[in-house]
Amino acid sequence: MFFRIWLCGVIATMFMASGLATAKEPVTLVQFLETALASHLEVISHEFSVREAEARLVAAKSRPELELNIDLGYYHVQPWQSVLDSRAARIGIEGCSRFGAAYRLDADLKGKTVQFQLALPLFKPASLLPHYQEIKSCEHSYAGAKIVHQMIKEEVVLAAVQCFLNIWRLQEAVKIYQAVIDWLGSHQGIMAAAHRAGAVHELDLAFAQLQYEQQINAMEKLLGQLEAEKMLAVKVFGIPPGAEFVHDPTLFDPGILEAVLDWQQAPTITLAELNYDLAMTQMQAAEAAFGVQGELKLGVHSDRTWSVECSIRVPMFDQVYRSNQIAAANAKLTEAEFEVERAKSEIECEHIYRQVQLHAVKSNLKTAITTRDLAFRQKEIAEEQYAMGLLSLLEFLKVCEQEANAYLELVDAQYEYQLAQVQLRLSGRSQNSDG
């Protein structure tokens, strides 16, 4: 486990050094997601799990059907004997075919005898063969590992999208606060001069200074959040320190997810269907285990003798046990079928919820755009009135503050709208439409 974690860290470090050439190159959302998937430790760890499950499946399918056992015996000398006491070497070859036939060849090199045995299963379905069950188990494990890996990748992608968009949102908010602070700072001297001339009351000057300090405190708080998000991008998603982020919300397209994710059916549904297939296999095996079975054994010896042995198993007095076993397997199959339907229902309900949510945030975005445009127009009018002396500096300051708040609300609305688009896109994989 320690080696796997260490290797994941090495791979992540190598990608950080080579995947993004320099920290000075702006990072887009697609590049952010690609880097996150290639360097996230949990994704890398589950990739090893998938490879391990695949190797086990390949090993199960390619298992040799013959085994060669050579027993050379032993030789020893007793002091009071003048000859060597030895046992003859023996050679044994045994194997089992994928159809359940078992065979064995024994050769005694000293006695010069050879014996061949063949055992054939009768009335025994393939589902009861150990090799078949081993392969089915490995196939289920491999398919399950791939589904879990897909689920982990989607979780990482969603978290990476949130991190990237949050960095963009905080950067835009910092720019807005910085513009307000610069404007307030440039008017501090004007306010002080107006106060000395008696044109501005002392309380108005104190109020303006308080607003200036509040804006600085708010921006410092945002800078702290921005630094934390960037540190998250570095530590968790493998982005080089000091990287710049570029994003245009007006050009955002949720279809970019297809560039970094294999577009498949919802993993929860696929996993439920996989468990249903396993329950069906177990149900068939339970029904077949209590049927008529038998075995035919053939033996051929080097002394020209041969033997035939046939055994038939007919269940007669285990009806209660048999019915209970089949009932348990049937109950598990019914439960698995219910889980499939529940997974589909949950995905459909989530998709409907995401559609409603997207409609709501889209309406909020339209309102935010209208509010921003109105606030911008009000500021233009206020600038004209302030230049003509129709507005005081404090009144003009309030209009500027309203415009800044309108821009902040627009940035938040754009963030929520883009995130809602991604969430809807991920929830729409089981639908016919693309969401």
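Basis for what follows: all heavy atoms, side chains included, without hydrogens, waters or symmetry-related copies.
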Verdict with reasoning, Ile256 to Leu29, per side-chain contact (heavy atoms from CB on, under 4.5 Å): CA-CA 9 Å; Ile256 61 174; Leu29 178 56; 3.3 Å; yes

Is it true that [X] and [Y] make a salt bridge, defined as a side-chain N closer than 4.0 Å to a carboxylate O?
X	Y	value
Arg56	Glu52	yes
Arg372	Glu403	no
Arg342	Glu339	yes
Arg51	Glu54	no

Work out which heavy atom in [X] is nearest to a heavy atom in [Y]; give both atom names and the distance.
X	Y	answer
Phe32	Ala160	CE2-O, 3.4 Å
Ala375	Gln402	CB-O, 4.3 Å
Phe245	Ile167	CD1-CG2, 3.8 Å
Val161	Leu33	CG2-CD2, 3.7 Å
Leu37	Val43	O-CG1, 3.4 Å
Ala382	Val399	CB-CG1, 3.7 Å

How many angstroms lie between [atom1] in [X] and [atom2] in [Y], if you round to the nearest 0.5 Å?
X	Y	atom1	atom2	result
Asn364	Leu410	CG	CG	11.5 Å
Asp253	Gln421	CG	CD	8.0 Å
Glu409	Leu365	CD	CG	12.0 Å
Ile347	Ile269	CD1	CD1	5.0 Å
Leu333	Met280	CG	CE	4.5 Å
Tyr177	Ile181	OH	CD1	9.0 Å

Is any side-chain heavy atom of [X] less than 4.5 Å from a side-chain heavy atom of [Y]?
X	Y	result
Leu408	Asn405	yes
Met283	Ile326	yes
Trp168	Val411	yes
Gln418	Pro249	yes
Leu419	Leu158	yes
Lys136	Leu278	no
Ile152	Glu155	yes
Phe252	Tyr417	no

For the side chain of [X] and the backbone of [Y], is there at least one donor-acceptor N/O pair under 3.5 Å apart?
X	Y	value
His46	Glu42	yes
Asn217	Glu213	yes
Thr35	Gln31	yes
Ser427	Gln423	yes
Glu395	Leu391	no

Run Phe338 and Thr334 through side-chain contact (heavy atoms from CB on, under 4.5 Å) and show every step you take. CA-CA 6 Å; Phe338 171 76; Thr334 303; 5.7 Å; no

Can you find a side-chain donor-acceptor pair between [X] and [Y] that sits under 3.5 Å?
X	Y	result
Glu401	Gln211	yes
Gln178	Asp182	yes
His351	Glu346	no

Mind checking whether Phe396 and Tyr386 have parallel, tilted or perpendicular rings, split at 30° and 60°?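 Ring orientation, 0 to 90° scale: parallel.
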
For Glu350, enumerate each residue passing the side-chain hydrogen bond (donor to acceptor under 3.5 Å, both in side chains) test, keeping only those at least two apart in sequence or located in another chain.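 Counting only residues at least two positions away or on another chain, Glu350 forms no side-chain hydrogen bond (donor to acceptor under 3.5 Å, both in side chains).
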
side-chain contact (heavy atoms from CB on, under 4.5 Å) assessment of Glu154 paired with Met151: CA-CA 5 Å; Glu154 293 185 1; Met151 295 174 67; 5.9 Å; no

In a table with atom names and distances, give each donor-acceptor pair under 3.5 Å that connects a side chain of residues 219-243 to protein atoms at least two apart or in another chain.
from: Glu229; atom 1: OE2; to: Asn166; atom 2: ND2; distance (Å): 3.0

With sequence neighbours left out, what residues match His140 under ring-ring contact (aromatic ring centres under 6.0 Å, His included)?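 Expected list: none.
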
Assess whether side-chain contact (heavy atoms from CB on, under 4.5 Å) is satisfied between Thr270 and Leu274, documenting all intermediate values. CA-CA 6 Å; Thr270 308; Leu274 179 64; 5.7 Å; no

As a quick check of understanding, evaluate salt bridge (charged side-chain N to carboxylate O under 4.0 Å, His left out) for Lys332 and Glu335, giving each step before the final call. CA-CA 5 Å; Lys332 188 174 183 179; Glu335 180 184 4; over 6 Å; no

